[in-house]
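So the structure is just underneath, and the comments pick up after that.
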2 protein chains.
Amino acid sequence: MPDYDGAVTEATNSGAVTLPAKRGRGERSSPTIYDIAKLAGVNPSTVSRALSKPGRVSAKTQKIIEDAAEQLNYRVNPFARALPTGRTQTIGLIVADITNPTFFDIIRGAETTGSARDYTLVLAESAESPETELIAARRMLSTVDGLILASPRMDDEEIRALAADKPVVVINREIEGVPCVVPDVNKGISQAVRSLAANGHQELAYVAGPPQSWMSRRRWEGVQAACDWYKLGAVRLESSKPTVDGGRQVARDVLASGATAVITYNDLLAIGLMQELQAAGMHVPDQISIVGFDDIFGADFTTPALTTVRSPLGECGSRAAALLLDMLLGHDGPAGAVRVDTELVVRGSSGRLIA
Amino acid sequence: MPDYDGAVTEATNSGAVTLPAKRGRGERSSPTIYDIAKLAGVNPSTVSRALSKPGRVSAKTQKIIEDAAEQLNYRVNPFARALPTGRTQTIGLIVADITNPTFFDIIRGAETTGSARDYTLVLAESAESPETELIAARRMLSTVDGLILASPRMDDEEIRALAADKPVVVINREIEGVPCVVPDVNKGISQAVRSLAANGHQELAYVAGPPQSWMSRRRWEGVQAACDWYKLGAVRLESSKPTVDGGRQVARDVLASGATAVITYNDLLAIGLMQELQAAGMHVPDQISIVGFDDIFGADFTTPALTTVRSPLGECGSRAAALLLDMLLGHDGPAGAVRVDTELVVRGSSGRLIA
DNA sequence: GTCAAACTGTCAACCGGTTGCCAACTATTG
DNA sequence: CAATAGTTGGCAACCGGTTGACAGTTTGAC
């Protein structure tokens, strides 16, 4: 029910009616612990304790105060609480690109887990820029209880500095001394390369992501290791940006490389690459196999549907938020990185080479 | 820019910068206006005025204070500011479903426009539930300066009640007395139906979205009107949920309806429907044409690519945020709804009926 | 019955800005 | 040069909770 605060407390204002916007627009203001205290016949500090320090006041008083609070439809003023305590019931999330579906699930996972524990999610975007990211992180850090960095682009040192200030959890990157949630790509990559090798491929290209991306490097290392093991040649190609468009642009280099199988840093690149190759008359997977990363929304819309190494991103977001909330309760972060499993999802874009 | 949001540009770390004073238990705390006041040799209130009320203090004092603030690397404490003023430099956005790509452009548009004016975006999800939405809206409203509701599911009355409290802008719905940003679907629908009629279709089905969705009703009305005009039969089918899955489930009803052309409430439904119809051996568009709504990310990944009525959702998010920020500056909201244009994007999923 | 420990509620001092009001100072004008 | 209007800076009272210190009450042990 909308609280239309009934009685105007006449004790407050002595003089003339302050009609011009006292707060915001309307004159309405929500009940405070002082109102409750008056109604319950106790001291405001007792109200404060009853409402936030269970056990500190007697059960009887507690009940009286809770009833009064209910009657007035009281809600704490988050700012008043935040001012002396610093607690804001808020967690921040910074992603590199809001429109990148990779982050959809991370955002949802974090939001869901957060709001289940009465935390609100604050979102910011870094636009893939380390500088923007740092500025956003700094600005946020003063207003949230903790911060989740999804695929951060800034330096380890800067992240550690932030983490020294308030709890920080990192997704998709490992940083010594900072709690991390990281998909363990080895399993998925190993499956992917084995599958490609089994299908007769001998030369593989990896299309890399942003140079600042730890995960892109990690995936390249994984690809190299797996290719060594399965005796495939591996070449690394750069992309201009980790998007569908970037994938289209890298198609030339892919063709020039002579590789018959491509693993891309993410699904967007894979999709763009596939579109461009098909437009150039190539047949996927008969002439070239394409494997993406992440299994984003839409990866199965393409024809052929995209084979991809799935990272459980929703789980990453959710685990990161849970970790953060735990840390806010005073627990220590995990010693090492939290690893979540990846797996190859085989669809139509990879298969036997038909030479 | 009237507000001092902190010296972000402290590139020149020249010489002795007084470190922030330690708080009682060795916790670091950031500098306050009192620190600045001491350093500048003025009263704290003068500092406050210098930093937030341009023109209220003399240029000379202003300069001294700004230098001192810079030297201390001062940032306002948002909570301390919010407590007396209610201003938080924050706007809220509530969407029905965080993972629905429809909202991603809206989110990005709002975030981008907001952060360009130094506002932070706070995000919440209603999970398509009017109750959850209302709770989230209430909780948010006390902590943000204004609220954007994207495709709200709650009653008009409840929204008006919220709008009476703080500035509210609605996207994808028209509510008398509340500023709205709404894609004007008529043009796009008209183009779509005309195109279908020209391709020989005579019976059309509309797959509706959530019953609480104003936009779904609006689109149905538009479809009916256009079908009247172009002399097509129109039948309305219900979906269980506005997702890919919901689209798959409604395939049976679509087939049973005998319609040869389908317009769905959104692209997700269209994609799911197309998948299921194709799985059942139907050929799109030779046997049945499918037209979606919104032109979301991935709509062009399908085979055939999806014909859809594009709504400029990023623009909606951005316009809504701009509107809201204007209102926060004291301007009135627009008299009527702000309409943005829609247009048909013809791709492969619609075409001539081959009977 | 005495004395101390445990429990409860109150007081008052914050947290860090904002702002109405007033006094002092400056500039303008007659 | 005095009177007046316009500036500018300071004082102090908030905003709404939180919390350490403390005193009054109970409770419990001996």
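Hydrogens, waters and symmetry mates play no part in the numbers below; they use all other heavy atoms, side chains included. Labels below follow one simple rule: chain letters A, B, ... track the order of the sequence lines, proteins then strands, and each chain is numbered from 1.
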**Item:** Flag if over 12 foreign heavy atoms under 6.0 Å of NZ, A:Lys166
**Value:** yes
Taking D:dG16, C:dT18, C:dC21 as options, the one with an atom nearest any side-chain atom of A:Tyr34 is D:dG16
Within a strict 4.5 Å, meaning less than it, do heavy atoms of the B:Leu141 and B:Leu162 side chains meet? yes
Rounded to whole Å, the NZ-C1' distance (B:Lys60 to D:dG9) equals 12 Å
Picking from C:dC21, C:dC15, C:dG17, the nucleotide nearest the side-chain atoms of B:Ile33 would be C:dG17
To the nearest angstrom, the CD1-C1' distance between A:Ile65 and C:dT10 comes to 12 Å
So salt bridge (Lys or Arg N to Asp or Glu O under 4.0 Å) across residues 320-338 of chain B, not counting sequence neighbours, yields B:Arg117-B:Asp326
Margin query: At less than 3.5 Å, do the side-chain atoms of A:Arg81 and the base atoms of D:dG16 form a donor-acceptor pair?
Written below: no
Report task. Evaluate the side-chain proximity of A:Val169 to A:Val181: yes if any heavy-atom separation is below 4.5 Å, no if none is. Result -> yes
Hits for ring-ring contact (aromatic ring centres under 6.0 Å, His included) against B:Phe103, two or more places apart or cross-chain, chain-then-number order -> none
The correct set of residues in residues 45-53 of chain A placing a heavy atom under 4.0 Å from DNA chain C is A:Ser45, A:Thr46, A:Arg49
A:Arg56 atom CZ is separated from C:dT8 atom C1', nearest whole Å, by 6 Å
When rounded to whole Å, the CZ to P distance for the pair B:Phe79 and D:dT18 reads 14 Å
For residues 46-59 of chain A, the salt bridge (Lys or Arg N to Asp or Glu O under 4.0 Å) pairs (sequence neighbours left out) are none
B:Leu83 CG to C:dT19 C1', in whole Å, measures 14 Å
For B:Ser318, the side chain to side chain donor-acceptor pair (under 3.5 Å) test, sequence neighbours excluded, returns B:Thr113
Side-chain N or O of B:Asn43 less than 4.0 angstrom from OP1 or OP2 on D:dC11?
yes
When the rotation axes relating C1' atoms of four end pairs to the next four are compared across the helix from C:dG1-D:dC30 to C:dG30-D:dC1, five pairs an end, they differ to 10° by 30°
In whole angstroms, the gap separating P of D:dG17 from CZ of A:Arg75 amounts to 11 Å
In A:Arg173, A:Gln212, A:Glu158, the residue satisfying side chain to side chain contact (heavy atoms under 4.5 Å, CB included) with A:Pro152 is A:Arg173
Rounded to whole Å, CD1 of B:Ile64 lies from P of D:dT8 at a distance of 14 Å
Hey, is the main chain of A:Met154 close enough, under 3.5 Å, to the side chain of A:Glu133 for a donor-acceptor pair? yes
Rounded to whole Å, CG of B:Asn77 lies from C1' of C:dT18 at a distance of 13 Å
